[in-house]
Amino acid sequence: MIKEIKISDYQFLTNIDKDIHNFINNSPYRHIRMYEEDEVKGYIIYDIIDDRMEIINIYVDNNYRHQGIGTKLLNNIILLAKVNKFNNISLEVNVNNIEAICLYKKLGFTVEATRDNYYNGEDAYLMLKEIDKKSVYILAIESSCDETSVSIVKDGNVELATSTATQIDIHELYGGVVPEIASREHVKSITLVLEDALIKSGLKIDDISAIAVTIGPGLVGSLLVGIEAAKTLALIYNKPLIPVNHMKGHIFGNYLHNNVEYPALCLIISGGHTELVYLTDPYNFKKIGETVDDAVGECYDKVARVLNLTYPGGPKIDALAHKGRPSYKLPMPLKDDSLNFSYSGLKSAVINLVNSEKQRGNEIVPEDLARSFQDIIVSSLIYKTEKALDIVDVKTIMLAGGVSANSDIRLSFENLARDRKLNFSCPLLKYCTDNAAMIASYAYFLYLNKEFSDLKINAKPSLDIF
Ligand code: KG4
Ligand code: ZN
């Protein structure tokens, strides 16, 4: 794994290179990234000056040379330049270091000039790599649950078109998503939605750089409809195919209107997931906490049922809560030091309360119950996020997933970030629940890193965040 460390923390790298101090200075431009695999095996030091990068030194431990580590470090820097839309990367190399010059040429560097006597009497080449800033247009398909959605997004954050066929009306009749019905509905909608999105975007299929598709987690039958459509497009039009993790997509719902500063902590709250994820950049995710039973959205939907509210219950409880008082006492879930969540106990407590009040002949006040329930949900989410913030050092707190549309959760997290002097980001409401724009946004980063797949990809209903 390659990770950035603070330049002031370089001392421990003297174990692999005792001369590293020659390349360390206090300028705000200087950065360092190290390559670690069981132990530290190499590093790269570089400057970021306005919109260009300058490589200062690349070092690979003697024991690990010729294993491609230098190439990986360089590719990492090239990726960083692409993500940040820098203009170019430059470096100097001894004219006699043929091996290094060949590697740089292979990675797209060209010789720009010769610097006489650069290395104590030996000359150096100045080599430069221009960063390709041609716009990237991703067509993404999302069909993991009950929305058939297609988006076309430019450069990860300019949404050109989205077309979504929702099935909520159908599943409302059954009180939740019926998987078999969901996949049949996707089959009916997929070609219409695809055509509609392409027309709205004003682009032709030839203009599209790659086809992205959600491969999981989700309902297998639903996922397969999107995957088969994506494979067909990739095959017929000869486009790269990018498989996308739905949960990572949710996180990148933030990127569509915000420039996320890393490291970041993201709380993903949806119908199927409740997770705390730590990100050091768009490519490194670490799940540091999750629910041990029900997800928050699931808890909302089940509590909504006992209040005779239709699916999805979350938005309805949210609206009711604003008209009620917190007059019911409910248990705070899992108030321990772990970073895990638990919502099945809270769900049972609400169901028991409603039943026992009914037996006593008392009327439940739905607004008050909604208020009491939402207060507990918000406190439990904030409580665990604060525990996580005690452990990880971040610049940004993010929300993601369908439940992040919740008005009180958004407000409380905004306040938490302000108190902690951190950036706060939550997706626009239209990017909270399932949509293909967030899938396209994340696929853009995968495109930059050439994370393409062949036509053998399959649905992964239980895909994890890693
Ligand atoms: O992310 P999503 O669209 O689908 C999954 O991947 O699960 O999330 C759907 C969930 C549902 O449980 C729905 O009730 C919940 O998000 N939800 C809300 C709100 N809006 C949607 N929950 C609480 N408050 C809301 N305003
Ligand atoms: Zn989702």
Side-chain angles (χ1 to χ4, degrees), residues 140-149 151 162 164-168 171-172 175-177 179 182 213-219 222-223 226 244-254 266-275 277 290-291 294-307 309-324 343 346-347 350 370-371 373-378 380-381 398-413 426-439 441-442 460-465:
I141 303 176
E142 155 64 41
S143 69
S144 65
C145 190
D146 58 346
E147 319 275 359
T148 324
S149 185
S151 285
T162 292
T164 303
T166 176
Q167 308 174 3
I168 283 190
H171 298 295
E172 209 178 84
V177 178
V213 63
T214 301
I215 55 156
L219 302 169
S222 294
L223 289 164
V244 179
N245 178 317
H246 179 79
M247 303 319 292
K248 291 182 181 175
H250 268 302
I251 297 177
F252 281 80
N254 282 283
C266 186
L267 175 68
I268 310 182
I269 35 181
S270 72
H273 292 79
T274 304
E275 290 171 356
V277 178
E290 66 185 322
T291 181
D294 291 357
V296 193
E298 192 179 349
C299 186
Y300 260 99
D301 294 339
K302 289 189 175 149
V303 164
R305 254 194 202 201
V306 296
L307 292 176
L309 302 168
T310 52
Y311 172 84
K316 287 148 200 156
I317 293 191
D318 189 10
L320 275 184
H322 287 276
K323 298 181 196 146
Y343 290 102
L346 177 61
K347 171 192 71 188
V350 176
R371 177 74 271 156
F373 171 73
Q374 189 143 301
D375 282 353
I376 292 283
I377 293 277
V378 172
S380 68
L381 294 172
M398 283 191 274
L399 292 174
V403 186
S404 65
N406 186 278
S407 55
D408 288 328
I409 296 175
R410 290 167 91 91
L411 193 64
S412 309
F413 274 77
C426 61
L428 296 177
L429 286 178
K430 62 176 176 172
Y431 300 132
C432 287
T433 41
D434 292 349
N435 64 88
M438 66 186 196
I439 303 301
S441 178
Y442 182 50
K460 295 190 175 167
S462 322
L463 186 63
D464 210 334
I465 196 94

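Here the structure is a predicted model, which means the values were calculated and not measured. Scope of the values below: all heavy atoms of this structure, side chains included, with no hydrogens, waters or symmetry mates. We're numbering straight along the sequence, starting at 1. For ligands, and for the atoms within them, numbers begin at 1 and follow the listed sequence.
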> Considering only heavy atoms of G271, which atoms of ligand 1 have at least one such atom less than 4.0 Å away?
Replying inline: 5 (C), 7 (O), 8 (O), 9 (C), 10 (C), 12 (O)
>> List ligand 1 atoms under 4.0 Å from G272, heavy atoms only on the residue side.
In response: 7 (O)
> Is there a side-chain contact between N245 and P217 (heavy atoms, below 4.5 Å)?
Replying inline: yes
>> Measuring only between side-chain heavy atoms, which start at C-beta, is R371 closer than 4.5 Å to L320?
In response: no
>> Tell me if the NZ atom of K316 is crowded by more than 12 foreign heavy atoms within 6.0 Å.
In response: yes
> What is the nearest protein non-hydrogen atom to atom 18 (C) of ligand 1, stated with its residue, atom name and distance?
Replying inline: G314 CA, 3.6 Å
>> With carbon and hydrogen excluded and only N/O/S kept, which atom of D434 is nearest the Zn ion (ligand 2)?
In response: OD1
>> Go through it in stages, so that I can follow the logic: the residues are D146 and S222, the test is side chain to side chain contact (heavy atoms under 4.5 Å, CB included), and I'd like the CA-CA distance, side-chain angles, deciding distance and then a yes or no.
In response: CA-CA 8 Å; D146 58 346; S222 294; over 6 Å; no
> Can you find a pair of side-chain heavy atoms, one from M247 and one from S270, that are under 4.5 Å apart?
Replying inline: yes
> Looking only at non-hydrogen atoms, which of S404, G402, S270 approaches atom 16 (O) of ligand 1 most closely?
Replying inline: G402
>> One pair to check against side chain to side chain contact (heavy atoms under 4.5 Å, CB included): L346 and V303. What are the steps and the verdict?
In response: CA-CA 9 Å; L346 177 61; V303 164; over 6 Å; no
> What are the atoms of ligand 1, with element, lying closer than 4.0 Å to any heavy atom of P312?
Replying inline: 13 (C), 14 (O)
> Can you tell me the protein heavy atom closest to atom 15 (C) of ligand 1 and the distance?
Replying inline: V403 CG2, 3.8 Å
>> So, 4.0 Å and heavy atoms of H246: is ligand 1 close enough to count as a contact?
In response: yes
>> With respect to D434, determine whether any N or O atom, backbone or side chain, lies less than 3.5 Å from an N or O atom of ligand 1.
In response: yes
>> Taking the side chain as everything from C-beta on, heavy atoms only, tell me whether K430 gets closer than 4.5 Å to N435.
In response: no
> How far apart are the C-alpha atoms of I141 and I439, what are their side-chain angles, what is the distance that settles it, and do they pass the side chain to side chain contact (heavy atoms under 4.5 Å, CB included) test?
Replying inline: CA-CA 7 Å; I141 303 176; I439 303 301; over 6 Å; no
>> Against ligand 1, does P315 come closer than 4.0 Å with any heavy atom?
In response: yes
>> Check this for me - ligand 1, H250, N or O atoms closer than 3.5 angstrom, yes or no?
In response: yes
> About how many Å separate CZ of R305 and OH of Y311, when rounded to the nearest 0.5 Å?
Replying inline: 10.5 Å
> With a 4.5 Å heavy-atom cut-off, do H246 and D434 have their side chains touching?
Replying inline: yes
> With backbone taken as N, CA, C and O and side chain as the heavy atoms from C-beta onward, which portion of D318 lies under 4.0 Å from ligand 1: side chain, backbone, both, or neither?
Replying inline: side chain
> Quick check: does C145 have an N/O/S atom under 2.8 Å of the Zn ion (ligand 2)?
Replying inline: no
> Atoms of ligand 1 less than 4.0 Å from A405 heavy atoms?
Replying inline: 20 (N), 26 (N)
> side-chain contact (heavy atoms from CB on, under 4.5 Å) with D318: which residues, sequence neighbours excluded?
Replying inline: H322, Q374, N406, S407
>> Are Y300 and Y343, when compared by the centres of their aromatic rings, separated by less than 6.0 Å?
In response: no
>> If I take every N, O or S atom of H273, is at least one of them less than 2.8 Å from the Zn ion (ligand 2)?
In response: no
>> Which option wins on minimum heavy-atom distance to atom 14 (O) of ligand 1: D301, L429, N406, I377?
In response: D301
>> Give the atom numbers and elements of ligand 1 that come within less than 4.0 Å of a heavy atom of G297.
In response: 12 (O)
> Does even one non-hydrogen atom of E147 get within less than 4.0 Å of ligand 1?
Replying inline: no
> Which ligand 1 atoms, with their elements, are less than 4.0 angstrom from a heavy-atom of T433?
Replying inline: 3 (O)
